[in-house]
Amino acid sequence: MALPPEKAAELKELIQRQLGRMDVHGRIREILAETIREELAPGQQHLSAEDLIQALRQRGLVDDVMKGLSLVTDNVDQEIPSSPRQSVGFDKQSTLKKSFVASPHILLHFTANIDPTRRYLYLQVLGGKAFLEHLQEPEPLPGQVCSTFTLCLHYRNQRFRSKPVPCACEPDFHDGFLLEVHRESLGDGTRMADSTTMLSISDPVHMVLIKTDIFAETTLVASYFLEWRSVLGSENGATSLTVELMGVGTESKVSVGILNIKLEMYPPLAQTLSQEVVNMQLALERQKTAEKERLFLVYAKQWWREYLQIRPSHSARLVKIFAQDENGINRPVCSYVKPLRAGRLLDTPRQAARFVNVLGYERAPVIGGGGKQEQWCTLLAFLCRNKGDCEDHANLLCSLLLGYGLEAFVCVGTKAKGAPHAWVMTCGTDGTVTFWESLTGHRYLHKPANPDEPPLAEQPRPLYPYRTVGCVFNHQMFLGNCQPSDAVDTCVFDLNDESKWKPMSEEAIKSVCAPGATASLPPFPPLCASTLDASATSNEIEMQLRLLVAEHRKDLGLTTVWEDQLSYLLSPALASYEFERTTSISAGNEEFQDAIRRAVPDGHTFKGFPIHFVYRNARRAFATCLRSPFCEEIICCRGDQVRLAVRVRVFTYPESACAVWIMFACKYRSVL
């Protein structure tokens, strides 16, 4: 029998309190180190979770914990309600043992199936304070939906996510993350990193704090790069830090809160470094980074002067060499792009374009007026928030297309009415130029018009929405458009022709944008598989929409009769729509139309309305649908023998992004 949620939470709290008193963390680490030293066979590479838990039992730790929890167990039996319908036995000791063994905060080490040849950094978040924006936040009632904080981490191709905690002035963060510290080159990937090796690993731990409100809307609260190597100079291999998180965008100079963090190396270091050596290494890296960035800035200024000398009107073109990230730091735009492989999560470039398209679009928030706020997010912040501006989408799509081996560039220019915009361009080996709109997934073939043709000569009509292009770039190249006109429809994208495109030095770009070139360069995280259950999510949204439709019709004095078979027949159409968005190929429409003709009797009329969303809020989607006159006509259908149908199909993509297709339909008897 499952415990009620409130009782389970209370039980966990009692257990956690007792485990803290007994210093179980320390005893587990000692036993684990002893087990690895004494019991690991020479040819064995891994200890399983079962082996390590057995070691804890043999050394009496579990029994000691059970004895320590004896007072707790006396109360537990009285607080568990009995079911009037059936008698279920409840074993206090076994339940507590399972809770203890499965606790993610205490036994996080064991769930990772530790490789004893690797070094690990155990990062614990021990709570937050001074989140003053939530000073007046009331305590959430049990079962009440409230806004939550989630902490996302990335370190050397490893990503972690904390459990959501209610937003508060002192949010109750209590999570542990086991980060593997390893070298990726020089053939040392399988050896345990020693202190000197780890001191040379300059990758920070990127921490992103996300707020999710009661409507499931996400907000980027803070983005922080944690320098973890101070732990290498700690005497006992552990150190505690107080991390001040700053806001993002226009609030990047304002503190949003403080996190208490504990860092610990595992296994413990045989020899620690002196704090002076660690500080000297960090200072040296900062000095080298500052020098490289200074030299690149000097070069960029010289390049810009030469570019303006070609034609003074170039000063009005959108040539974007630097862009501010969410922390207000100026970075070369080439550092926002890098070949990114999606593993087995995405199969084709067009599927990658669809994935980027279903990530939400949101312009950087601005306090007050004054136009668009400058903010190009780092990739982790964009993925964790699941939405961003056009530049974020274009950078991600370009990175994915580069990963698929295409020659891809981000284009910076304008679209209709002179609005700044960014999109992606690929250049084929046969000279074809294709534009990819990252916000919609649409692709356009570029055929330049010839401005020297007679006025009456027929010119290709552009289908794309782009008006001007100022520059193009990727992770290795940056080129400014120096053609007489920056209009896209007359532009020639022969990037090797320096009379049309002024290039930057690839060596200069490499000095500050190549992986590991500077200590300030944010590393790219890998994509994560979706955690959504597509079928369950589809059913949930569909049930909510049925209730909303029934309520809406009831307010109009109408009854609602659903026809499940008709609803089911709508599924192939939704699958066909998504397939077409992904591949640009239409398929299956004939079978769908034939099935609908058979399902609608003679003398009856059928109406259907498909619509597409990139969010899962049923009430918000329903309100949007009602704004369409055609959809409202279906939902509010009056007549003889009216039967309604609705079908929802959720298609999941990496990062828990999803395409939600909804189709409302009705059939009724036509009475003339």
Please report the interatomic distance [atom1]([X]) to [atom2]([Y]), rounded to the nearest 0.5 Å.
{"X": "Ile261", "Y": "Phe177", "atom1": "CD1", "atom2": "CZ", "value": "9.0 Å"}
{"X": "Ser335", "Y": "Leu521", "atom1": "OG", "atom2": "CG", "value": "5.5 Å"}
{"X": "Met504", "Y": "Cys334", "atom1": "CE", "atom2": "SG", "value": "7.5 Å"}
{"X": "Leu220", "Y": "Phe382", "atom1": "CG", "atom2": "CZ", "value": "12.0 Å"}
{"X": "Leu226", "Y": "Met207", "atom1": "CG", "atom2": "CE", "value": "6.0 Å"}
{"X": "Thr196", "Y": "Leu273", "atom1": "OG1", "atom2": "CG", "value": "5.5 Å"}

_Checking Met198 against Arg119 for the side-chain contact (heavy atoms from CB on, under 4.5 Å) test, could you report, in this order, the C-alpha distance in whole Å, the side-chain angles of both residues, the deciding distance, and whether it holds?_
CA-CA 9 Å; Met198 289 189 290; Arg119 184 79 68 184; 3.6 Å; yes
*Mark yes when over 12 heavy atoms from residues, nucleotides or ligands other than Arg354 sit less than 6.0 Å from its CZ; otherwise mark no.*
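Buried by this count: over 12 neighbours within 6.0 Å.
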*Can you tell me if CD on Gln275 sees more than 12 non-hydrogen neighbours from other groups inside 6.0 Å?*
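Yes, because the 6.0 Å sphere around CD of Gln275 holds more than 12 heavy atoms from other groups.
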Checking [Y] against [X]: is there a side-chain donor and acceptor pair closer than 3.5 Å?
{"X": "Ser520", "Y": "Glu293", "answer": "yes"}
{"X": "Ser252", "Y": "Glu326", "answer": "no"}
{"X": "Glu244", "Y": "Ser255", "answer": "yes"}

Closest non-hydrogen atom pair, [X] against [Y]:
{"X": "Val614", "Y": "Asn357", "value": "CG1-O, 4.5 Å"}
{"X": "Ala394", "Y": "Val424", "value": "O-CG2, 3.4 Å"}
{"X": "Thr378", "Y": "Ser223", "value": "OG1-OG, 4.4 Å"}
{"X": "Cys377", "Y": "Asp392", "value": "N-OD1, 2.8 Å"}
{"X": "Glu264", "Y": "Ala238", "value": "CG-CB, 3.9 Å"}
{"X": "Arg616", "Y": "Thr537", "value": "CD-CG2, 3.6 Å"}

Would you say [X] and [Y] make side-chain contact, with heavy atoms under 4.5 Å?
{"X": "Ile258", "Y": "Leu245", "value": "no"}
{"X": "Phe296", "Y": "Glu291", "value": "no"}
{"X": "His475", "Y": "Pro339", "value": "yes"}
{"X": "Asp325", "Y": "Tyr336", "value": "yes"}
{"X": "Arg385", "Y": "Glu362", "value": "yes"}
{"X": "Leu297", "Y": "Phe322", "value": "yes"}
{"X": "Phe149", "Y": "Thr212", "value": "no"}
{"X": "Phe173", "Y": "Leu151", "value": "yes"}

Identify every side-chain donor-acceptor pair in residues 396-410 under 3.5 Å, counting partners at least two apart or on other chains, and give the distances.
from   : atom 1 : to     : atom 2 : distance (Å)
Ser399 : OG     : Lys338 : N      : 3.2
Ser399 : OG     : Lys338 : O      : 3.1
Ser399 : OG     : Asn395 : O      : 2.8
Tyr404 : OH     : Leu346 : O      : 2.7

Do any N or O atoms from the side chain of [X] and from the backbone of [Y] form a donor-acceptor pair under 3.5 angstrom?
{"X": "Asn279", "Y": "Glu276", "answer": "no"}
{"X": "Gln158", "Y": "Glu180", "answer": "yes"}
{"X": "Lys262", "Y": "Thr239", "answer": "no"}
{"X": "Thr219", "Y": "Val221", "answer": "no"}

*Start with the C-alpha gap between Glu217 and Lys211, add the side-chain angles, then the distance that decides, and say whether salt bridge (Lys or Arg N to Asp or Glu O under 4.0 Å) holds.*
CA-CA 8 Å; Glu217 290 294 317; Lys211 176 183 175 182; over 6 Å; no
Check residues 227-234 and write down every donor-acceptor pair under 3.5 Å in which the side-chain atom is one partner and the other belongs to a residue at least two apart or another chain.
from   : atom 1 : to     : atom 2 : distance (Å)
Glu227 : OE1    : Arg229 : NH2    : 3.1
Glu227 : OE2    : Arg229 : N      : 3.1
Glu227 : OE2    : Arg229 : NE     : 2.9
Trp228 : NE1    : Asp203 : O      : 2.9
Arg229 : NE     : Ile201 : O      : 3.4
Arg229 : NH1    : Leu199 : O      : 2.6
Arg229 : NH1    : Glu285 : OE1    : 3.4
Arg229 : NH1    : Glu285 : OE2    : 2.8
Arg229 : NH2    : Glu285 : OE1    : 2.6

*asked:* Check for me whether the distance between the ring centres of His154 and Phe524 falls short of 6.0 Å.
replied: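 That pair fails the under 6.0 Å test.
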*Test side-chain contact (heavy atoms from CB on, under 4.5 Å) on Leu153 and Leu123 and set out the steps.*
CA-CA 10 Å; Leu153 274 71; Leu123 187 154; 4.1 Å; yes
*Criterion side-chain contact (heavy atoms from CB on, under 4.5 Å) on His393 and Asp389, from CA distance to verdict*: CA-CA 7 Å; His393 286 78; Asp389 212 333; over 6 Å; no
_Verdict with supporting geometry, Glu655 and Tyr653, side-chain contact (heavy atoms from CB on, under 4.5 Å)_ = CA-CA 7 Å; Glu655 301 296 331; Tyr653 288 90; over 6 Å; no
*Run the salt-bridge test on Lys129 and Glu170 with the 4.0 Å N-O cut-off and return the result as yes or no.*
no
